[in-house]
Asker: 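Structure provided below as structure tokens; questions to follow.
Lettering follows sequence order; numbering is per chain, from 1. In what follows, every heavy atom counts, from backbone to side chain, and hydrogens, waters and symmetry copies are set aside.
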Protein chains: 2
Amino acid sequence: MAAPAALTLPSPQLIEALSQFFRLLSEPTRLQLLCQLKHGGAMDVASLIEATGFSQSHISRQLGQLQRAGLVSCERDGVRLIYALADPLVEELCNLVQGRMRQRLEQQLQQLPAL
Amino acid sequence: MAAPAALTLPSPQLIEALSQFFRLLSEPTRLQLLCQLKHGGAMDVASLIEATGFSQSHISRQLGQLQRAGLVSCERDGVRLIYALADPLVEELCNLVQGRMRQRLEQQLQQLPAL
DNA sequence: GTGCATAATTCCTTTAGCGTCATAGAGTTC
DNA sequence: GAACTCTATGACGCTAAAGGAATTATGCAC
């Protein structure tokens with residue numbers, strides 16, 4: 001049986017893999033694409049371009065990265081490619097972080113001296 | 001009552017804030033520092049420098065970023081500064097991502113044709 | 001086949017951030 | 001006070017990645 005995770009230091013490979021994953025979410029464009037897909041369901045590239053306002057090449061590249069990471073899936077519909085969310089993890093992570101932000105702000109609010 | 005989150009598109013400010021948070025975790029150095037603090041409890045800067053092998057200025061800067069984000073706290077002990085984890089969220093996030101990695105690998109393993 | 005659409009890829013420039021060296025600040029000891 | 005240790009900050013080069021324009025690939029209609 002393996003030692004408890006809390007007592008073992010993560011390997012450099014794991015650190016690297018984790019940081020690469022978080023790096024995917026560290027770019028507003030990619031996060032925006034994921035949110036759009038969450039909001040609008042499956043969408044083709046043209047719609048995502050219009051929704052985000054970025055160039056076609058940029059969107060295509062970012063979608064490629066998300067797809068290689070398995071966060072997004074893609075299927076053809078005639079001449080168009082329809083992308084869709086492929087993993088609910090992103091939303092979970094965002095909700096956790098957002099909850100933390102709310103918590104911190106409430107804390108700061110309480111520590112602010114009343115008038 | 002506010003609309004369900006799934007139906008509203010996150011504001012650009014929220015997207016930006018989320019991406020900035022994830023950016024903190026997208027750097028191996030910072031993730032390594034957080035893991036070290038998780039593993040070894042509160043540590044002074046010198047120990048963190050030795051544990052990571054980076055230069056003093058680099059470590060100091062990364063610790064500063066983590067502290068401003070509230071992920072790490074810091075108190076003086078004489079001439080030394082002792083840093084400690086200030087938020088369990090990072091570990092939660094890492095565990096979630098790690099679980100997803102395991103899941104994906106198991107999936108790939110099953111799809112691999114047997115000999 | 002040609003022509004027309006959509007999307008991926010190849011270049012390119014520019015920018016953000018890592019990482020180090022040198023310096024300045026803060027705290028202790030004498 | 002001076003001398004010393006520990007940490008933060010300024011200045012700088014360097015590399016990775018964003019972002020766009022142009023090109024190429026892919027699929028459909030004809």
Asker: Specify the separation, in whole Å, of atom CD of A/Q56 and atom P of D/dA18.
Answerer: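 These atoms are roughly 16 Å apart.
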Asker: Go through the N and O atoms of the side chain of A/S57 and the base of D/dA21, and report whether any donor-acceptor pair is under 3.5 Å.
Answerer: yes
Asker: Rounded to the nearest angstrom, tell me the gap between atom CZ in B/F54 and atom P in D/dT7.
Answerer: 18 Å
Asker: For the atom pair CG (B/D87) and CG (B/L71), what is the distance rounded to the nearest 0.5 Å?
Answerer: 6.0 Å
Asker: If I take atom CD in residue B/E16 and atom P in nucleotide D/dA18, what distance separates them, rounded to the nearest angstrom?
Answerer: 14 Å
Asker: Across the strands shown, which category fits A/E27 at heavy-atom distances under 4.0 angstrom: base, sugar-phosphate, nothing?
Answerer: sugar-phosphate
Asker: Side chain of A/V79 only, please: which of C/dG19, D/dT7, D/dG27 is the nearest?
Answerer: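 For A/V79, the side-chain atoms sit closest to D/dG27.
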Asker: Among the nucleotides C/dC18, D/dT7, D/dG19, which one has an atom lying closest to any side-chain atom of A/H58?
Answerer: D/dG19
Asker: For A/E75 and C/dT6, what is the distance between atoms CD and C1' respectively, to the nearest whole Å?
Answerer: 16 Å
Asker: Once you apply a heavy-atom cut-off of 4.0 Å, does B/R76 come out as touching a base, just sugar-phosphate, or nothing?
Answerer: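 B/R76: backbone/sugar contact only, no base atoms under 4.0 Å.
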Asker: Of A/V45 and B/I59, whose nearest nucleotide on DNA chain C comes first from the 5' end?
Answerer: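 It is A/V45 whose nearest nucleotide is closer to the 5' end.
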Asker: With rounding to the nearest 0.5 Å, note down the distance linking CZ in B/R68 to CG in B/L24.
Answerer: 9.5 Å
Asker: C/dA8, D/dG19, C/dC18: which one has an atom nearest the side-chain heavy atoms of A/S60?
Answerer: C/dA8
Asker: Rounded off to whole Å, could you give me the CZ-to-P distance for the A/R61 and C/dA8 pair?
Answerer: 11 Å
Asker: CG/A/L33 to CD1/A/I59 distance, rounded to the nearest 0.5 angstrom?
Answerer: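 Separation between the atoms: 4.5 Å.
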Asker: Roughly how far, to the nearest 0.5 Å, is the CG atom of B/L66 from the CG atom of B/L25?
Answerer: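 With rounding to 0.5 Å, CG (B/L25) is 8.5 Å from CG (B/L66).
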Asker: For a quick test of reading the model: is some side-chain N or O of B/Y83 closer than 4.0 Å to OP1 or OP2 of D/dC6?
Answerer: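 Answer no for this pair, as no side-chain N or O of B/Y83 is under 4.0 Å from OP1 or OP2.
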Asker: Touch check for A/Q67, heavy atoms < 4.0 angstrom, all strands: base, sugar-phosphate only, or nothing?
Answerer: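 Here A/Q67 touches no strand at all.
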Asker: Taking CG from B/L81 and C1' from D/dT5, how many angstroms apart are they, rounded to a whole number?
Answerer: 12 Å
Asker: So, taking the atom named CG in A/D77 and the one named CD in A/E75, what distance separates them when rounded to the nearest 0.5 Å?
Answerer: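 Rounded to the nearest 0.5 Å, the CG-CD separation comes to 7.5 Å.
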Asker: Check whether the side chain of A/S55 and the base of D/dG19 form a donor-acceptor pair under 3.5 Å.
Answerer: no
Asker: What's the CD-P distance between B/Q65 and C/dA16, to the nearest Å?
Answerer: 15 Å
Asker: How many whole angstroms separate atom CG of B/D44 from atom P of C/dG27?
Answerer: 17 Å
